[in-house]
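Per chain, numbering begins at 1; letters A, B, ... match sequence-line order. Just so you know, these numbers come straight off a predicted model, no measurement behind them.
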Amino acid sequence: MTTFPIEKIREDFPILKEKIGNNPLVYLDNAATCQKPQAVIDSISHLYMHEYANVHRGVHTLSVKATDRYEGAREKVKNFINATSTKEIIFVKGTTEAINLIAQSFGKTNIKAGDEILITAMEHHSNIVPWQILCKETGAVLKVAPINLQGELIFAEFEHLISDKTKLVSVVHMSNALGTINPVKAIIAAAKAKNIAVLLDGAQAIPHISVDVQALDCDFYAFSGHKLYAPSGIGVLYGKQALLEAMPPYQSGGDMIRKVTFEATEYNGLPYKFEAGTPSIADVVGLGAAIDYLTAIGMDNIAAYEAELLDYATEKAKGIAALKIIGEAKDKGAILSFVLDKIHPHDIGTMLDSLGIAVRAGHHCAMPVMDFFEVPATARASFAIYNSKQEIDVLMNGIEQLIEVFG
Amino acid sequence: MFDDLRDLYQEVIFDHNRNPRNFRVMKNPDREVEGFNPLCGDRLTLFLKFQGGEISDVSFQGSGCAISTASVSLMTEIVKGKTENEAEELFQQFHAMTTGKDDQIDLEAIGKLAVLAGVREYPARVKCATLAWHTLDAALKNEEKSISTE
Ligand SMILES: Cc1ncc(COP(=O)(O)O)c(C=O)c1O
């Protein structure tokens with residue numbers, strides 16, 4: 001690999017020039033949301049300044065241009081995750097809405113009393129609560145595959161929990177609280193052997209790993225734009241065409257219909273059947289620009305660079321006696337969750353902020369994970385393409401200082 | 001380093017965080033209430049005993065950040081020996097202080113609690129300081145077994 005163009009990349013993100021108080025910003029809260037490159041910001045202003053109108057509605061020039069941009073972004077998403085067709089790319093608000101869509105549309109038609117839904121013990125609340133609600137509504141049962149103290153899925157237990165009643169396996173691709181990358185190929189193979197549908201929560205994986213939905217052979221894949229250097233308010237649900245065809249609409253209104261009379265409505269085809277109402281047009285265009293930006297750098301280069309960052313940070317963290325890393329999976333993405341002896345994560349967060357360092361302190365919407373590790377919360381540094389080793393030095397130095405102050 | 005934080009993390013706060021006062025389980029309390037801050041996972045249990053219309057004993061258990069631990073520790077010190085009305089009045093004062101309503105504060109009554117005034121500059125941390133007092137408030141009103149800052 002040629003050296004990663006970190007200096008050039010940092011130049012592409014205007015917010016990195018901000019100061020927090022007197023300190024340069026060290027933004028390490030990328031798992032919550034990441035910053036936007038100029039190319040994404042420009043794509044949105046360009047649309048609003050030159051090409052904006054509603055999509056799929058008008059014969060006038062601007063509407064045609066806006067529709068081209070919007071559908072062009074769908075094509076980019078399709079290529080980015082290697083879907084077979086743009087019909088399989090549904091624009092939603094984000095991962096949360098994508099999972100809710102599956103629960104309400106696929107779930108209600110395919111899951112009945114006594115059936116089982118299988119998740120893991122490291123899921124984000126958004127991959128727990130929709131299933132709890134569905135289970136309440138249908139009488140289905142939620143099963144949870146356990147994790148070990150490294151924060152890895154115990155695969156044998158997972159396999160053991162797959163039964164004749166399992167109708168859906170919904171698993172996080174990469175954990176936001178631990179960084180663990182799940183063995184999704186093996187998970188999918190185990191489910192496919194019993195003809196069970198698989199949904200992957202790709203919210204964290206998508207910015208770090210090159211994702212090929214055909215190679216994975218998952219049925220559904222959900223992710224959010226805002227964690228992929230794109231605007232918030234936009235996300236993607238990928239679904240295999242045959243499954244999506246068979247599913248009823250999730251919301252109803254304009255755009256999702258072919259023909260309406262007061263007696264009956266004929267639904268529009270894919271993907272529009274699931275896109276009721278005026279979509280978040282500019283955000284979709286921004287997502288397309290983010291994908292272009294990342295593709296130019298190369299997802300494999302990104303994965304290699306971030307692995308280097310994580311190794312560097314992990315090694316430094318291990319040199320701090322009072323620090324305990326939460327989540328030490330063998331296969332791990334660029335997330336360092338940790339606790340400090342006798343110092344609460346909230347205090348760590350405030351102290352580091354005063355040095356310009358943004359980390360997350362809390363339960364990361366994964367309270368069951370916190371319970372498992374018997375901590376109320378963790379501090380989490382999560383890395384992105386624009387982070388440098390020098391920033392990791394600033395972080396580790398800050399941690400050492402605050403340990404001293406608390407002494 | 002951390003110069004900007006001197007107003008928030010005063011030495012008294014570190015002291016109470018290291019050595020929280022009245023940090024114990026109480027046998028046969030008259031009231032026992034749990035407080036929870038879902039934002040950061042802080043949990044505390046407050047125990048109270050009354051005698052002759054006064055809070056005769058108060059203690060707590062739980063885990064939280066330095067701000068919340070110091071706040072509950074300081075609170076137990078100041079409310080011991082106070083009547084329920086006096087404790088309620090202190091709660092109002094504390095609330096005014098942490099939300100920046102300076103004109104309503106009686107500095108003498110607040111005493112040592114003044115070290116927590118710095119939180120008002122940190123909106124994300126105000127709840128850490130007020131959790132103890134909301135829990136006490138619920139205990140005095142004998143409302144619920146468990147309260148939450150959300
Ligand atoms: C693993 C995981 N799943 C789901 C989500 C929810 O994503 P969003 O809030 O964008 O819908 C997140 C984001 O925090 C996440 O990290």
Side-chain angles (χ1 to χ4, degrees), chain A residues 19-23 26 29 32 125 129 177 322 326 337 339-380 394-407, chain B residues 1-20 23 34-45 60-73 98 115-132 146 148-150:
Chain A
K19 292 208 152 182
I20 305 297
N22 293 321
N23 298 295
V26 176
D29 194 15
H125 294 165
V129 186
I326 303 288
S337 223
V339 290
L340 296 181
D341 195 25
K342 296 201 184 74
I343 308 177
H344 193 282
H346 232 162
D347 295 317
I348 300 172
T350 300
M351 290 249 153
L352 291 178
D353 180 57
S354 81
L355 305 176
I357 307 164
V359 298
R360 176 86 181 267
H363 52 63
H364 318 296
C365 295
M367 282 184 173
V369 175
M370 301 298 114
D371 290 345
F372 178 77
F373 286 97
E374 296 180 342
V375 293
T378 73
R380 179 186 70 187
V394 173
L395 168 71
M396 296 302 166
N397 187 32
I399 293 172
E400 279 172 347
Q401 300 288 335
L402 78 88
I403 290 171
E404 207 159 284
V405 171
F406 263 77
Chain B
M1 273 190 138
F2 304 117
D3 290 348
D4 303 345
L5 287 178
R6 286 238 175 90
D7 282 347
L8 182 61
Y9 290 98
Q10 301 200 21
E11 198 43 49
V12 180
I13 290 178
F14 283 128
D15 174 39
H16 278 259
N17 182 48
R18 275 184 218 114
N19 307 298
F23 185 71
E34 200 189 314
F36 181 49
N37 180 349
L39 186 68
C40 52
D42 286 1
R43 254 172 218 290
L44 74 91
T45 309
F60 79 101
Q61 285 281 281
S63 74
C65 63
I67 305 295
S68 87
T69 303
S71 179
V72 62
S73 171
T98 51
V115 298
L116 285 158
V119 292
R120 64 182 164 205
E121 303 298 332
Y122 298 84
R125 304 302 301 275
V126 170
K127 282 178 176 173
C128 307
T130 53
L131 175 64
S146 169
S148 153
T149 55
E150 290 299 293

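How far CG of A/Asn23 is from CG of B/Asp4: 7.5 Å, rounded to the nearest 0.5 Å.
By number of non-hydrogen pairs under 4.5 angstrom with chain B, the leading residue of A/Lys342, A/Met370, A/Met367, A/Met351 is A/Met351. Chosen from A/Val375, A/Leu402, A/Leu355, A/Thr350, the residue pairing most often with chain B at heavy-atom distances under 4.5 Å is A/Thr350.
Using modelled atom types, one finds a donor on one side chain and an acceptor on the other under 3.5 Å when comparing A/His344 with B/Asp42.
Across every non-hydrogen atom of A/Ser354 and B/Leu5, the tightest pair is OG-CD1, 3.4 Å.
Of the two parts of B/Phe14, only the side chain, counted from C-beta on, holds a non-hydrogen atom closer than 4.5 Å to a non-hydrogen atom of chain A. Only the side chain of B/Arg18 has a heavy atom closer than 4.5 Å to any heavy atom of chain A. When heavy atoms are compared at a cutoff of 4.5 Å, B/Leu8 approaches chain A solely by way of its side chain, counted from C-beta outward.
B/Asp3 CG: more than 12 foreign heavy atoms inside a 6.0 Å radius.
Here the side chains of A/Val405 and B/Tyr9 are not in contact, with every heavy-atom distance at 4.5 Å or above.
Listed in order of number, the residues of residues 116-123 of chain B that approach chain A to under 4.5 Å between heavy atoms are B/Tyr122.
The closest donor-acceptor contact from the side chain of B/Arg125 to the backbone of A/His346 lies under 3.5 Å.
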